[in-house]
Amino acid sequence: MSATALPDSAAEALGQSDASKRPTLLSFAERSSLAVRLTLSMIAGGLLCIALIWRVTFPQDQNVSELVAGLAALLVTVPVLTAAWDSLRRPSLHGMSDQLVALALLACWATGDLITAALLPIVMIIGHVLEERSLLGSREAIGALGRLVQSSARRVGADGQAEDVPTQALRIGDRILLHAGDRVPVDGVIREGAANLDTASLTGESVPIEVHAGAPIMAGSVNLDGSLVVEVTRIGDDTTLGKIVALMHEAEAAKPPVTRLLEAYSGHYMVLILLVAAGVWFATGSTAAMLAVLVASCPCALVLAAPATAVAAIAVAARHGILIKGSAFLEQLAEVSSVVFDKTGTVTTGKLNLVRLHAMPGVAEGEMMALAASLGNESNHPVSRALAGIVAPDLHLPLQDVREDRGLGMHARLGDDRIAMGRPALLASFGIVAHDMPEHDGPMVALSRGTRFLGWLMLADEPRAESFEALEDLRKLGLRRQILLTGDRAQVAQRIGRQLGIEDICADALPEQKMHRVLDEVRDGFKPMVIGDGINDSLALKAGAVGVAMGAQGTDVALASADLVLMTSDLRRLATCIRLSRRCRRTIHVNVAFGLGWTIILIVLAACGLLGAEGAIIAAVVHNFSTLVGMANSGRLLLFDETGPAPRSAGINARGAVPTAA
Ligand SMILES: Nc1ncnc2c1ncn2[C@@H]1O[C@H](COP(=O)(O)OP(=O)(O)OP(=O)(O)O)[C@@H](O)[C@H]1O
Ligand SMILES: [Zn+2]
């Protein structure tokens with residue numbers, strides 16, 4: 001089996017000069033040697049036919065047919081022996097079948113059975129090529145992502161004229177022109193125009209999203225209508241698409257635990273098979289039976305069971321806008337036993353807005369707003385983002401030494417004054433008491449300047465439209481243990497919890513406390529899946545059995561600290577993840593059981609001599625058949641599809657699934 005590497009043009013466009021060095025399941029050398037072996041086995045097959053026809057037509061003249069058969073055998077024996085020799089030096093699971101076939105071949109030569117010596121490798125080589133073909137379906141799906149990279153772009157020059165340039169020539173800050181139907185070549189921000197974007201191939205989201213000036217735009221999406229002027233913000237490997245492609249390659253190279261287990265015992269297996277083969281030979285004296293045992297023992301069906309399934313599952317996940325960083329997480333996902341949600345930006349929209357301002361006597365509201373907006377402008381935190389927009393950008397104040405205290409808030413210097421905004425605890429660390437806390441059941445921050453407490457800013461935050469349905473779906477999958485984590489106040493957390501049906505709430509938590517809550521969960525024997533947006537929850541994401549980052553349209557923290565990334569902010573994808581991983585686990589189990597059962601039965605039949613005089617050839621054919629059945633079973637996973645519109649309960653807003661413009 002081999003890996004379809006990223007198409008060269010795509011790799012170049014992404015600026016990946018070392019695409020060929022990426023880790024894949026099979027190296028380039030192994031792939032090309034398979035092609036050579038296939039060609040040689042075709043020629044050998046032709047020669048073998050001639051030999052057989054000769055033998056039938058001129059039964060008295062055996063020498064010529066023996067000679068031709070010998071030539072055919074020689075053609076295929078040499079590559080098989082070199083492959084076996086290679087696999088001895090660089091042990092791999094799949095190499096084991098090369099070694100077994102090579103042994104069988106040597107035995108054929110020793111006993112002068114030239115027809116078998118030629119036919120056996122031909123059957124095995126053809127089988128392995130078929131294996132490779134059927135893996136291609138899955139690889140195709142992953143490779144398709146690479147092809148989303150557009151190789152040329154229309155750059156707007158200083159004179160306002162557009163010229164076609166290769167995508168690699170684009171630099172950050174360049175402006176490009178996108179017409180209707182164009183695929184977006186790089187990540188950027190829309191400067192002029194409006195359009196509907198099709199992001200389906202990236203996010204699995206079938207509803208096009210509407211974008212206007214100021215909105216971010218991702219490489220790989222398609223401009224359906226309208227003309228856009230886009231300013232380039234990320235190029236090459238740094239684009240979200242570039243990162244996805246890199247993630248996919250990592251995932252492909254990862255070995256599922258089942259495969260690692262098999263590898264650990266491969267030495268023992270080899271010894272066992274040799275003993276059985278030798279035993280059969282001593283007991284029966286039949287070379288045919290011994291050869292059949294060697295061939296029947298090739299563990300291909302077992303070896304391929306897990307990777308073929310994992311690759312298919314990862315491809316299917318990608319189609320749903322779910323990126324899985326390694327196949328190990330697929331198995332862990334299937335075993336998740338509790339779910340931990342972060343509040344802001346995860347179960348709520350994270351698009352907050354200022355609803356009320358509570359100024360201390362003698363404090364001007366305008367001053368508070370200007371200070372809050374200036375500090376807010378320096379952070380990605382949802383509260384800060386909301387506040388940044390409450391005054392026009394030209395009213396922002398010149399701040400110095402801007403700092404963010406994770407989970408607490410922001411502070412900076414303005415002239416001689418220290419200004420701070422965030423939780424009362426942050427102000428307390430500067431010796432300021434935030435008093436007169438108003439009644440409010442949404443997020444709220446305190447603001448201070450110098451030694452003076454200025455007042456409170458109150459914001460509103462609502463659960464996402466699809467949150468309840470998504471959580472209910474998880475509960476139906478048996479994940480009833482759900483926990484809400486937040487740095488926000490208990491009052492807000494409880495209201496949201498009630499709306500969503502979550503009882504277990506951990507409020508007022510700092511980032512480390514969120515992590516400890518997750519670690520407690522692990523210590524109590526649960527396997528928590530932690531879902532967050534990457535802001536003040538990356539520690540918790542790492543602590544979970546599986547960390548899921550949401551709506552990660554390029555946020556680096558999320559991509560770095562999560563094991564799983566959802567391209568959309570649609571919480572319903574979580575249940576999709578769980579269902580897919582459970583399907584994947586079942587498929588692997590079925591394949592392993594089938595491969596193991598089939599191989600053992602075949603070995604027993606071979607050892608008892610029940611496969612007859614041509615046992616080796618029969619074993620080879622049956623072996624290939626079993627491998628293909630397993631591969632076909634893995635391939636069935638590719639049919640998994642939940643991208644279509646999900647059945648919705650009444651009153652749920654269909655547009656709730658549109659990704660947030662981060
Ligand atoms: N950068 C910031 N700007 C303004 N306020 C902040 C900032 N960081 C933290 N805060 C304050 O600290 C509180 C806790 O923040 P934190 O991010 O831990 O929790 P959160 O906003 O409730 O989000 P989540 O539910 O995702 O944990 C916020 O409600 C806000 O009052
Ligand atoms: Zn095989």
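In each ligand, atom 1 is the first atom listed, and ligand 1 is the first ligand listed. The figures that follow rest on heavy atoms only: side chains count, while hydrogens, waters and symmetry mates do not.
- One finds no salt bridge joining D461 and R495 here, because no Lys/Arg side-chain nitrogen approaches an Asp/Glu carboxylate oxygen to under 4.0 Å.
- For the residue pair H411 / R418, a side-chain donor-acceptor distance below 3.5 Å is found, with atom types taken as modelled.
- A434 and L427 get closest at one heavy-atom pair: CB-CD2, 4.2 Å.
- Partners of E503 according to the side-chain contact (heavy atoms from CB on, under 4.5 Å) rule, which considers only residues two or more places apart in sequence or in another chain, do not exist here.
- Separating the CE atom in M369 from the CG atom in L395 is a distance of 9.5 Å, to the nearest 0.5 Å.
- Taking every heavy atom of both residues into account, A562 and V548 meet most closely at CB-C, 4.2 Å.
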Contact table ligand 1 N or O to protein N or O, d under 3.5 Å:
residue, atom, partner, partner atom, Å
ligand 1, 1 (N), S379, OG, 3.2
ligand 1, 1 (N), S384, OG, 3.2
ligand 1, 1 (N), E404, OE2, 3.2
ligand 1, 3 (N), S384, OG, 2.6
ligand 1, 12 (O), G407, O, 3.4
ligand 1, 15 (O), H381, NE2, 3.4
ligand 1, 17 (O), H381, NE2, 2.6
ligand 1, 17 (O), N536, ND2, 2.8
ligand 1, 18 (O), K514, NZ, 3.2
ligand 1, 19 (O), G487, N, 3.3
ligand 1, 21 (O), H381, NE2, 3.1
ligand 1, 22 (O), T344, OG1, 3.2
ligand 1, 22 (O), T486, OG1, 2.9
ligand 1, 22 (O), D488, N, 3.0
ligand 1, 23 (O), T344, OG1, 3.0
ligand 1, 25 (O), K343, N, 3.2
ligand 1, 25 (O), T344, N, 2.7
ligand 1, 25 (O), T344, OG1, 3.1
ligand 1, 25 (O), T486, OG1, 2.8
ligand 1, 26 (O), D342, OD1, 2.6
ligand 1, 26 (O), D342, OD2, 2.5
ligand 1, 26 (O), T344, N, 3.3
ligand 1, 26 (O), T344, O, 3.3
ligand 1, 27 (O), D342, OD1, 2.9
ligand 1, 27 (O), G487, N, 3.2
ligand 1, 27 (O), K514, NZ, 2.4
ligand 1, 31 (O), M444, O, 3.4

